[in-house]
Asker: 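Before I ask anything, let me first share the structure, which is written out below as structure tokens.
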Amino acid sequence: MAVKTCLMVGGGGMAGGWINRMTQKFGDRIKIIGLVDVNQDVLDRQAQALGLSKDQLFTSHEDAVSAVKADFCGVATPPPFHALATVAALEAGMPVISEKPIADTLDAAKDMVRAAQKTDLPCAIIQNYRYARNKQELVRIRNEGRLGRLQHIVGRYACDYREFESWGKAWRHTMEFGLLFEGSVHHFDMLRFLSGGDPDTLMGFGWNPEWSSFDHHSSGMYLVNMDNGTHTFYEGNSSAAGITNCWHREHYRAEFEEGTVEIAEGATVTIHRVGEEPEVYEAPEIEWEGHDHLFDEFLNWLDGGPPSETRIEKNIISYAMVIAAMETTLDGQPKKIADYISDLELKS
Ligand SMILES: NC(=O)c1ccc[n+]([C@@H]2O[C@H](COP(=O)([O-])OP(=O)(O)OC[C@H]3O[C@@H](n4cnc5c(N)ncnc54)[C@H](O)[C@@H]3O)[C@@H](O)[C@H]2O)c1
């Protein structure tokens, strides 16, 4: 496998994490040859770390995509900037791997889907939480029918972000529907992954407790029925003060025909059967976890391997759940997920 060159859009925050991963774990497969960031200090710091010269540094993606011809482009800026950079990179002939959520609006997300379809280039979206030992094990239990058929799944996310800027950046506290776009997009995607179904109808409520550090709703509860007959329920709370199930510790409870599976922290899986002691064990190791899995999968795709499971044409469904949750919160009406994406021609 030849080393793939990368134009990286974003250099600090999560993008800084990407760069560390790319250089430390994927140094033999990825070489960053161009970097874009609106913050000059970030550019200077990363230029030194990556050994990039001035002509490889950019403050705008437009200049970067016309100057740098890389094997792919990585996008890890805040959501409002994903679509412009992604579409420009695809149109310049570069496959893209981008952070979640796909974009800041449904129209922008669809622009990205259409650009990927028009150019026929790989475009993958990060959904790192799928690639954790306990999540993979729950899916195996379902697929192998170890506890019979699945009835429903309850997912719970609860972080104590009652202090302003405790969720990383100020923009997460001031944006509209921060819970849904920054948080729940992961959990909606997880409910699809764990249930093995795609969403049919979504309904629910969102609110902002008076003591919230957010300008907009920090909390919500949503119900979704899936196209494989299963049902899911989600509790999201960024103003949690008691029992927390924050990142990597979200609690999922899957109700099967012959027992209940509970997962939360680490690799522990607990199976409950009526009248029996709970069975508690550690899920098997997996080769790549989180972002590493997605990078490996994407690089393999570029080399002719199978497309990423969370390619944009599939992940748009998780994103549509966010838009549906936003709209049901506003008007109190159930939303058909298909209505949000019916103008796209999606390959399965
Ligand atoms: N998958 C995960 O677990 C996970 C976790 C955290 C964040 N994220 C995602 O990562 C993305 C970035 O979030 P963050 O907290 O790192 O944001 P951030 O505000 O720290 O920005 C990241 C970098 O992008 C730069 N930047 C901002 N606007 C830019 C633009 N227009 N062009 C180029 N560079 C620009 C910033 O200067 C910064 O260096 C978001 O989409 C977020 O949802 C994902």
Side-chain angles (χ1 to χ4, degrees), residues 6-22 32 34-47 49-50 56-65 67-68 73-89 96-105 108-109 112 123-132 135 157 159 161 165-190 193 238 246-250 288-295 297-298 308 310 312 315 318-319 322:
C6 171
L7 169 62
M8 185 65 208
V9 184
M14 178 45 82
W18 277 39
I19 292 172
N20 290 342
R21 235 171 254 280
M22 286 175 170
I32 297 172
L35 181 65
V36 186
D37 203 293
V38 288
N39 182 330
Q40 191 61 46
D41 291 342
V42 170
L43 276 182
D44 293 342
R45 180 166 47 81
Q46 291 292 13
L50 294 166
Q56 294 174 295
L57 305 177
F58 305 88
T59 50
S60 91
H61 69 265
E62 289 99 330
D63 294 342
V65 293
V68 179
C73 175
V75 178
T77 55
F81 313 110
H82 292 180
L84 290 174
T86 297
V87 171
V96 174
I97 179 164
S98 171
E99 264 301 341
K100 50 53 64 173
I102 295 179
D104 57 335
T105 67
M112 291 166 67
C123 183
I125 304 298
I126 296 285
Q127 285 295 350
N128 41 316
Y129 289 91
R130 288 180 174 217
Y131 303 103
K135 317 294 187 306
Y157 149 88
C159 287
Y161 290 142
E165 290 189 34
S166 52
W167 195 359
K169 301 280 155 52
W171 58 263
R172 283 201 186 85
H173 292 257
T174 55
M175 70 187 283
E176 290 217 328
F177 291 104
L179 168 74
L180 297 177
F181 283 86
E182 278 296 290
S184 316
V185 69
H186 281 295
H187 310 120
F188 290 153
D189 185 72
M190 185 61 72
F193 182 57
S238 289
C246 203
W247 299 109
H248 300 279
R249 294 187 288 112
E250 292 95 330
W288 299 100
E289 297 218 5
H291 282 75
D292 292 344
H293 178 101
L294 289 141
F295 286 166
E297 186 187 45
F298 182 70
S308 300
T310 57
I312 196 163
N315 199 244
S318 303
Y319 186 75
V322 168

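Counting starts at 1 for both ligands and their atoms, in listed order.
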Asker: Which ligand 1 atoms are under 4.0 Å away from a heavy-atom of Asn128?
Answerer: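 Taking each heavy atom of Asn128 in turn, ligand 1 has 1 (N), 2 (C), 3 (O) under 4.0 Å.
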Asker: Would you check the N or O atoms of Gly10, main chain and side chain alike, for any that come under 3.5 Å of an N or O of ligand 1?
Answerer: no
Asker: Ala76 to ligand 1: N or O pair under 3.5 Å?
Answerer: no
Asker: What is the closest protein heavy atom to atom 42 (C) of ligand 1, and at what distance does it sit?
Answerer: Glu182 OE1, 3.5 Å
Asker: Give me the atom names and distance for the closest heavy-atom approach of Met8 to Ala15.
Answerer: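 Between these two residues, the closest heavy atoms are CE-CB, 3.9 Å.
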Asker: Please write down residue, atom name and distance for the protein heavy atom closest to atom 44 (C) of ligand 1.
Answerer: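 Nearest neighbour among protein heavy atoms for atom 44 (C) of ligand 1, to 0.1 Å: Glu99 OE1, 3.1 Å.
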Asker: Out of His186, Lys169, Arg172, who gets a non-hydrogen atom closest to atom 20 (O) of ligand 1?
Answerer: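 That would be Lys169.
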Asker: Going by the atom numbers of ligand 1, which of them fall below 4.0 Å from some non-hydrogen atom of Asn39?
Answerer: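 Within the 4.0 Å cut-off of Asn39, ligand 1 contributes 37 (O).
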Asker: Return the minimal non-hydrogen interatomic distance between Glu176 and Phe181, and the atom names on each side.
Answerer: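 That closest heavy-atom pairing would be O-CD1, 4.1 Å.
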Asker: Go through ligand 1 atom by atom and flag the ones less than 4.0 Å from a non-hydrogen atom of His82.
Answerer: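 Matching atoms, with element in brackets: 41 (O).
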Asker: Can you see which heavy atom on Ile125 is nearest to which on Asn315, and at what distance?
Answerer: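 Heavy-atom minimum between the residues: CG2-OD1, 3.2 Å.
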Asker: Looking only at side chains, do Glu99 and His291 share a donor and an acceptor under 3.5 Å apart?
Answerer: yes
Asker: Looking only at protein heavy atoms, which one is nearest to atom 26 (N) of ligand 1, and what is the separation?
Answerer: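 Scanning the protein heavy atoms, the shortest distance from atom 26 (N) of ligand 1 goes to Val38 CG2, 3.7 Å.
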Asker: Tell me the protein heavy atom at minimum distance from atom 21 (O) of ligand 1, and give that distance in Å.
Answerer: Pro78 CD, 3.5 Å
Asker: Which atoms from ligand 1 have a heavy atom of Gly13 less than 4.0 Å away?
Answerer: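 Those atoms are 16 (O), 20 (O).
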Asker: Would you say ligand 1 has an N or O under 3.5 Å from any N or O of Asp37?
Answerer: yes
Asker: Check for me whether Pro101 has a heavy atom closer than 4.0 Å to any atom of ligand 1.
Answerer: yes
Asker: I need the nearest protein heavy-atom contact for atom 35 (C) of ligand 1: residue, atom name and distance, please.
Answerer: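 Protein heavy atom with the smallest distance to atom 35 (C) of ligand 1: Thr77 CG2, 3.5 Å.
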Asker: Nearest protein heavy atom to atom 6 (C) of ligand 1, by residue and atom, and its distance?
Answerer: Met14 CE, 3.6 Å
Asker: Which class fits the ring pair Trp167 and Tyr157: parallel under 30°, tilted 30 to 60°, perpendicular over 60°?
Answerer: tilted
Asker: Looking at atom 23 (C) of ligand 1, what's its closest protein heavy atom, distance included?
Answerer: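 Of every protein heavy atom, Gly12 O, 3.4 Å lies nearest to atom 23 (C) of ligand 1.
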Asker: What do we get for Trp171 next to ligand 1 when only non-hydrogen atoms under 4.0 Å count, side chain, backbone, both or neither?
Answerer: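 Side chain only.
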Asker: Only heavy atoms count here, so choose which of Phe58, Tyr129, Phe81, Trp18 is nearest to atom 31 (N) of ligand 1.
Answerer: Phe81
Asker: Could you go through His186 and Trp247, starting from their C-alpha distance and side-chain angles, then the distance that decides it, and tell me whether this counts as side chain to side chain contact (heavy atoms under 4.5 Å, CB included)?
Answerer: CA-CA 10 Å; His186 281 295; Trp247 299 109; 3.7 Å; yes
Asker: Students should be able to answer this: which protein heavy-atom is nearest to atom 41 (O) of ligand 1, and at what distance?
Answerer: Lys100 O, 2.8 Å
Asker: Specify the closest pair of heavy atoms between Val42 and Gly12, including all atoms of both residues, with the distance to one decimal.
Answerer: CG1-N, 3.4 Å
Asker: Tell me whether Cys159 and Cys246 have SG atoms closer together than 2.5 Å.
Answerer: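 The sulfur gammas are closer than 2.5 Å, so yes.
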